Each structure stands twice: as C-alpha cells, then as structure tokens.
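Here is the structure we will look at, set down as structure tokens.
Each ligand, and each atom within it, is numbered from 1 in the order the structure gives. A quick note: this is a predicted structure, and the numbers were derived from the prediction, not measured.
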Amino acid sequence: MQKPMASLSYSSLLFLTTLLISWFMVSSSANFYQDFDITWGDGRARILDNGQLLTLSLDKASGSGFQSKNEFLFGKIDMQLKLVPGNSAGTVTAYYLSSQGPTHDEIDFEFLGNLSGDPYILHTNVYSQGKGGREQQFYLWFDPTADFHTYSILWNPQRIIFSVDGTPIREFKNPESVGVAYPKNQPMRLYSSLWNADDWATRGGLVKTDWSQAPFTASYRNFNADACVWGSGSSSCSSSSPSTGNSTNGGWLNEELDATSQERLKWVQKNYMIYNYCADAKRFPQQFPPECGIN
Ligand SMILES: *[C@@H]1O[C@H](CO)[C@@H](O)[C@H](O)[C@H]1NC(C)=O
Ligand SMILES: *[C@@H]1O[C@H](CO)[C@@H](O)[C@H](O)[C@H]1NC(C)=O
C-alpha cells in the first residue's frame with residue numbers, strides 16, 4: 001500500500017526539524033585545551049597528548065581540579081574516567097555539574113576510593129535550589145581503576161539519568177508535580193577534582209589516606225557534550241530552535257528510559273545499590289521526601 005502523502009511530508013518535516021535542532025546544539029568532542037580550564041592544584045592537573053588526555057593528581061600538599069569553559073542548561077555529558085589505582089583509600093574523585101550561589105543546583109558523581117582490592121563507592125546526589133541530601137550509592141560491576149569507563153549525565157527538563165557505560169544506574173524524575181524544585185533554570189558548569197577526604201570517604205572515615213602511596217592520579221578522556229550552551233543570558237537551543245518547538249527532537253532533550261533500559265536500571269539497583277535515601281527509614285522516620293514517591 002502506498003504511504004499517504006501527508007504522513008510522508010510530516011516525517012520529512014520531523015527529520016528537518018531534528019536536523020536543525022541538532023545543528024544548534026553544540027556537540028563538542030575531546031579537546032581538553034579547548035573545553036576546559038584547569039582551576040587549581042598548581043601543576044597537579046595536566047593536559048597531555050594534544051588535548052586528548054587530562055590527569056589530576058593529589059599529594060599531601062594539594063589536590064587538583066578543572067572546570068568546563070561552557071555553561072550548560074540541559075545536556076547529555078559523557079566522560080571517560082580511569083580512577084586512582086591501588087590503595088586509593090581516603091581519596092575522592094568528583095565529577096559533577098553545578099551552578100553558583102546559595103540556591104545552586106548540582107548533579108553529582110563522586111568516587112570514593114578504597115584499599116587495594118576493596119570496592120570503590122560511586123556516590124550520586126542531586127541538588128535543586130540549594131537543597132541536596134538525595135544520595136544514592138553503588139558498587140560497580142567492574143574494577144574502575146583497570147581501564148577507562150564512561151560516566152554520563154543526561155539532564156533534560158523531565159529527568160536526570162546517571163549512566164555507567166551506557167547502563168542507567170539512577171533516574172531522578174522532575175518532582176515539581178509533588179512540590180519539589182527541579183534543576184531547570186540555572187546553567188551549570190562541569191567540574192572535576194581529586195582531593196583528600198579521609199575524614200569521611202572510606203568506611204565512613206575509618207581508613208585514612210596512605211601518603212606513602214602519593215601522588216594519586218586519576219585520568220580523563222573522550223569528553224562529549226550534546227548540550228544547550230548558555231551564553232549572554234540565552235541558550236543555544238531555545239534561541240535558535242524553530243517555532244515548531246523542540247519537542248519534536250527525538251534526542252536527549254526528550255529522552256526517557258525505554259523498556260530495556262528500565263530493566264537494566266532495575267538490575268543495577270537490585271544488585272549494586274548500597275544506599276538509597278528514599279529507603280533510609282532511620283533518617284526519615286516520619287515520612288520520606290515527597291520526590292521519593294515518584295522515583
Ligand atoms: C571499602 O571496602 C569496605 C570493605 O569491603 C566496604 O565496606 C566499603 O563500602 C568500601 N568502600 C568505601 C568507599 O568505603
Ligand atoms: C524548547 O522550546 C520552547 C518553545 O520554543 C522554549 O521555551 C524552551 O526554552 C526550549 N527548550 C530548550 C531546552 O531549549
């Protein structure tokens with residue numbers, strides 16, 4: 001049977017719109033010189049291999065860190081990290097999006113080091129309007145120090161999805177329907193740092209950093225941002241998107257978990273999640289925070 005004309009032109013319109021929108025969203029790939037500024041650490045953060053690799057290091061005197069040149073208001077951010085090997089107890093490698101000020105928004109990945117052979121903890125959190133306290137923690141199903149793995153944040157107006165090597169580990173749905181603020185008005189920069197947190201990081205602070213193992217080093221490569229870049233008060237997406245709107249974009253801006261991804265998320269949450277604030281009845285004896293009901 002022949003396809004009706006109307007649906008043909010509709011789908012080509014859709015295609016064109018998607019194409020247009022994807023032009024205006026900035027997709028930048030891996031050049032650390034171009035995309036990031038080293039912000040602290042006095043030479044302990046280094047960009048190598050023509051901008052393809054970045055390393056952070058920590059010794060007794062200081063850690064180090066970097067931040068993106070761009071600010072984003074929604075996006076899909078990927079980075080490959082290889083964490084501090086060996087005895088990394090007491091060290092924390094943080095990789096997060098954040099805005100500024102007392103009512104800031106923040107989306108966090110933090111990697112809490114451990115003794116050789118003991119598991120890292122991947123700690124996640126979401127702040128909106130200055131309020132955090134929404135921790136979920138995981139063990140990983142591989143050794144994150146043996147090789148590079150991809151850690152991604154998908155942030156769109158409906159949800160935040162944390163993924164590891166393409167497997168979603170956490171979804172935080174926009175909780176405005178239950179009266180809780182959601183990060184959607186404040187552009188955020190990407191930050192990363194390696195620092196000493198042996199007062200709390202490993203087994204709650206019981207295991208201290210062994211400085212005889214210093215310097216500790218974490219490595220980064222293959223940064224990619226499919227994102228709306230914020231500049232001079234407007235977003236690269238909304239200012240340029242056609243009047244048909246961006247809801248026709250089939251990409252990350254409207255992405256949700258399909259059935260397969262939901263299964264994988266459940267698998268991770270069942271087998272690798274070690275803390276969930278929404279299940280911590282000691283901490284919330286009266287009732288769980290409202291967003292727990294929709295997540
Ligand atoms: C470190 O290893 C211990 C023992 O296996 C474990 O209880 C803890 O969760 C691990 N991770 C951190 C960051 O403490
Ligand atoms: C999507 O389009 C609407 C209307 O055109 C606009 O208000 C909104 O800011 C856009 N969203 C993004 C993320 O650009």
>> Using 0.5 Å steps for rounding, measure from the CD atom of Gln100 to the CD atom of Glu71.
In response: 8.0 Å

> Which protein residues have a heavy atom closer than 4.0 Å to any atom of ligand 1, listed by chain and number?
Replying inline: Leu112, Gly113, Asn114, Asp118, Pro119, Ile121, Tyr139, Ala201, Thr202, Arg203

>> Enumerate the disulfide (SG to SG under 2.5 Å) contacts for residues 259-295, please, sequence neighbours excluded, ordered by first and then second residue.
In response: Cys278-Cys292

> Is there any ring-ring contact (aromatic ring centres under 6.0 Å, His included) pair reaching into residues 175-200, and which pairs are they, with sequence neighbours excluded?
Replying inline: Tyr96-Tyr191

>> Show every ring-ring contact (aromatic ring centres under 6.0 Å, His included) that has at least one partner inside residues 255-282, sequence neighbours left out.
In response: Trp141-Trp267, Trp141-Tyr272, Trp267-Tyr272

>> Could you tell me if Thr39 and Asp37 have a donor-acceptor pair between their side chains, going purely by distance under 3.5 Å?
In response: no

> Which heavy atom in Asp210 sits nearest to a heavy atom in Phe216, and how many Å separate them?
Replying inline: O-CZ, 3.4 Å

